Q: 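Below you will find the structure I want to go over with you.
The structure displayed is predicted, hence computed values, not measured ones. The chains referred to below are lettered A, B, ... by the order of the sequence lines, with proteins before strands, and numbering in each begins at 1.
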Amino acid sequence: MPFVDPAASTVAGAIVEPVLDWYDERARDLPWRAADRTPWGVLVSEVMLQQTPVVRVEPAWRAWLARWPRPVDLAAASPADVLRAWDRLGYPRRALRLQECARAIVERHGGEVPDDAEALRALPGVGEYTAAAVLAFAFGRRAVVLDTNVRRVLARSVGGEALPSPSQTRGEVARADAVAPHDPARAARWAVASMELGALVCTARSPRCDACPVAAACAWRATGCPPDAHAHRRRTQAWHGTDRQARGRIMALLREAMGPVPAAAVEAVCPDRERRERCLASLVADGLVVSHPASGPDEDPTYALPT
DNA sequence: AACGCGGGGCT
DNA sequence: AGCCCAGCGTT
């Protein structure tokens with residue numbers, strides 16, 4: 001039985017209404033929120049936004065939707081083109097999953113993004129968060145949309161903590177469910193509004209409490225903004241000299257190449273032989289790279305994006 | 001529950 | 001030099 005914060009229901013009224021009003025005035029004019037948005041456009045935006053900031057997603061999203069406006073369009077594309085269009089959004093496996101998702105939508109749902117949680121959740125690349133976001137943002141349904149922004153907003157305003165715990169808890173889900181309005185349209189609006197507040201005002205680094213519509217009702221403010229109780233967060237993932245950096249360099253090389261790339265070119269961007277072999281093997285296993293064996297004893301193998 | 005997975009910009 | 005970002009899939 002998940003623990004429901006008894007304060008949540010009483011605090012909800014003092015928080016939800018001001019945030020909805022604030023959103024009406026201050027919301028960013030993002031293309032996937034426009035009146036002419038489609039469920040597919042919303043789904044594409046959510047996948048792109050998985051760990052990639054809005055400012056980098058926006059231009060890529062516009063180009064992507066112009067090129068592949070419907071799931072059936074993306075389903076028919078070459079994976080190499082898909083990976084090139086993904087460009088430097090990061091985590092290119094997401095691009096392949098998005099195409100698999102488009103193909104699944106065509107095969108299972110007649111080319112239309114499904115509007116029920118179970119069907120969405122079964123799509124490649126769609127987890128708990130993305131399924132809820134599509135239900136709320138594309139279909140106006142009530143869903144518990146709990147991303148990093150909303151987690152932080154609720155941890156502070158309701159929980160009185162500086163930051164949420166490193167990993168999401170069942171208690172947070174119960175609390176978010178208790179705070180969300182009952183009416184579907186209002187719940188959907190609360191979802192996007194609370195997320196926007198976390199992105200623009202209730203930020204991780206230096207929150208702008210002077211501009212916050214719920215500062216007066218904020219439990220964290222009420223106790224003097226105590227520091228993060230979880231203190232040591234997760235260990236920061238290294239970057240320089242890692243496989244992730246090497247994989248990124250190899251993918252950048254292959255994206256920019258018109259055709260297959262000789263092994264020597266890969267060696268130039270990843271000189272360490274062991275790392276290079278390990279990364280190429282993992283990229284092939286992930287379906288991001290295909291290798292062609294040497295055509296002769298004096299030839300090198302070549303590498304390319306999957307066609 | 002913990003880990004691997006890109007990449008860039010900000011402090 | 002960290003830290004953060006509309007997370008997901010695998011182990």
Side-chain angles (χ1 to χ4, degrees), chain A residues 23 27-28 30-33 41-61 83 86-98 100-101 120-138 143-153 162-170 176 188 190-200 202-207 228 230-255 269 278-279 281-283 285-289:
Chain A
Y23 183 76
R28 286 171 293 181
L30 299 172
W32 47 86
R33 291 179 184 164
V42 172
L43 176 50
V44 170
S45 78
E46 292 305 331
V47 173
M48 287 184 170
L49 287 163
Q50 290 167 2
Q51 298 289 280
T52 303
V54 167
V55 286
R56 255 190 296 161
V57 164
E58 187 167 348
W61 183 92
L83 289 167
W86 195 257
D87 196 38
R88 299 188 160 193
L89 291 181
Y91 297 136
R93 294 188 297 189
R94 287 184 296 161
L96 293 185
R97 288 200 204 107
L98 183 54
E100 292 168 22
C101 179
L120 283 167
R121 194 65 182 73
L123 295 171
V126 177
E128 209 56 49
Y129 162 77
T130 301
V134 170
L135 284 176
F137 304 155
V144 177
V145 180
L146 203 53
D147 77 321
T148 186
N149 289 306
V150 180
R151 290 186 66 217
R152 188 173 54 249
V153 167
L163 293 171
S165 61
S167 50
Q168 183 177 303
T169 66
R170 304 184 75 84
W190 159 251
V192 68
S194 56
M195 191 175 301
E196 189 79 336
L197 187 72
L200 298 183
C202 194
T203 56
R205 203 62 72 84
S206 43
D228 183 13
H230 313 94
H232 47 58
R233 311 278 291 168
R234 71 184 58 111
R235 200 169 311 287
T236 172
Q237 289 176 319
W239 174 243
H240 293 284
T242 62
D243 285 5
R244 297 173 72 185
Q245 183 187 37
R247 283 169 54 108
R249 284 180 176 165
I250 294 169
M251 288 302 293
L253 174 70
L254 299 190
R255 276 198 309 270
V269 300
R278 186 171 61 243
C279 288
S282 71
L283 288 169
D286 287 342
L288 291 165
V289 171

Q: Mind checking the P distance from B/dG4 to C/dA6? Whole angstroms is fine.
A: 23 Å

Q: Which atom names give the shortest non-hydrogen contact between A/Leu163 and A/Ala204, and what distance separates them?
A: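 Distance-wise, the nearest heavy atoms are CD2-O, 4.4 Å.
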
Q: Which protein N or O atoms sit under 3.5 Å from an N or O of nucleotides 9-11 of chain B?
A:
none

Q: In whole Å, what separates the C1' atom of C/dC4 from that of B/dG6?
A: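 Going atom to atom, C1' in each nucleotide, I get 14 Å.
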
Q: At a cut-off of 3.5 Å, list every protein nitrogen or oxygen paired with a nitrogen or oxygen from nucleotides 8-11 of chain C, distance to 0.1 Å.
A:
| unit_1 | atom_1 | unit_2 | atom_2 | d |
| --- | --- | --- | --- | --- |
| C/dC8 | OP1 | A/Gly127 | N | 2.9 |
| C/dC8 | OP1 | A/Thr130 | N | 3.0 |
| C/dC8 | OP1 | A/Thr130 | OG1 | 2.6 |
| C/dG9 | OP1 | A/Gly125 | N | 2.6 |

Q: Would you check if A/Met195 and A/Val145 make a side-chain contact, meaning some heavy-atom pair closer than 4.5 Å?
A: yes

Q: Quick one: salt bridge (charged side-chain N to carboxylate O under 4.0 Å, His left out) partners of A/Arg247, sequence neighbours excluded?
A: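 A/Arg247: salt bridge (charged side-chain N to carboxylate O under 4.0 Å, His left out) contacts with A/Asp286.
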
Q: With sequence neighbours excluded, give me every salt bridge (Lys or Arg N to Asp or Glu O under 4.0 Å) pair touching residues 43-59 of chain A.
A: A/Glu58-A/Arg62

Q: Determine whether a donor-acceptor pair (one donor, one acceptor, N or O, separation below 3.5 Å) exists between the side chain of A/Arg88 and the base of B/dG7.
A: no

Q: Does C/dC5 have OP1 or OP2 under 4.0 Å away from a side-chain N or O of A/Arg152?
A: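 Looking at the OP1 and OP2 atoms of C/dC5, one of them is under 4.0 Å from a side-chain N or O of A/Arg152.
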
Q: Can you list the residues that meet the side-chain hydrogen bond (donor to acceptor under 3.5 Å, both in side chains) rule with A/Asp87, with sequence neighbours excluded?
A: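 None.
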
Q: Checking A/Arg33 now: which residues fulfil side chain to side chain contact (heavy atoms under 4.5 Å, CB included) with it, not counting sequence neighbours?
A: A/Tyr23, A/Ala27, A/Arg28, A/Leu30, A/Val192, A/Glu196

Q: In Å and rounded to the nearest 0.5 Å, what is the OG to CG distance from A/Ser194 to A/Leu146?
A: 9.0 Å

Q: Using a cut-off of strictly less than 4.0 Å, decide whether A/Arg94 has a side-chain nitrogen or oxygen near OP1 or OP2 of B/dC5.
A: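 No, A/Arg94 has no side-chain N/O under 4.0 Å of OP1/OP2 on B/dC5.
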
Q: Any donor-acceptor pair under 3.5 Å joining the side chain of A/Thr52 to the base of B/dG7?
A: no

Q: Given atom CE of A/Met48 and atom C1' of B/dG6, what is their separation to the nearest angstrom?
A: 15 Å

Q: Take atom CE of A/Met251 and atom C1' of B/dC5, then tell me their distance rounded to the nearest Å.
A: 12 Å

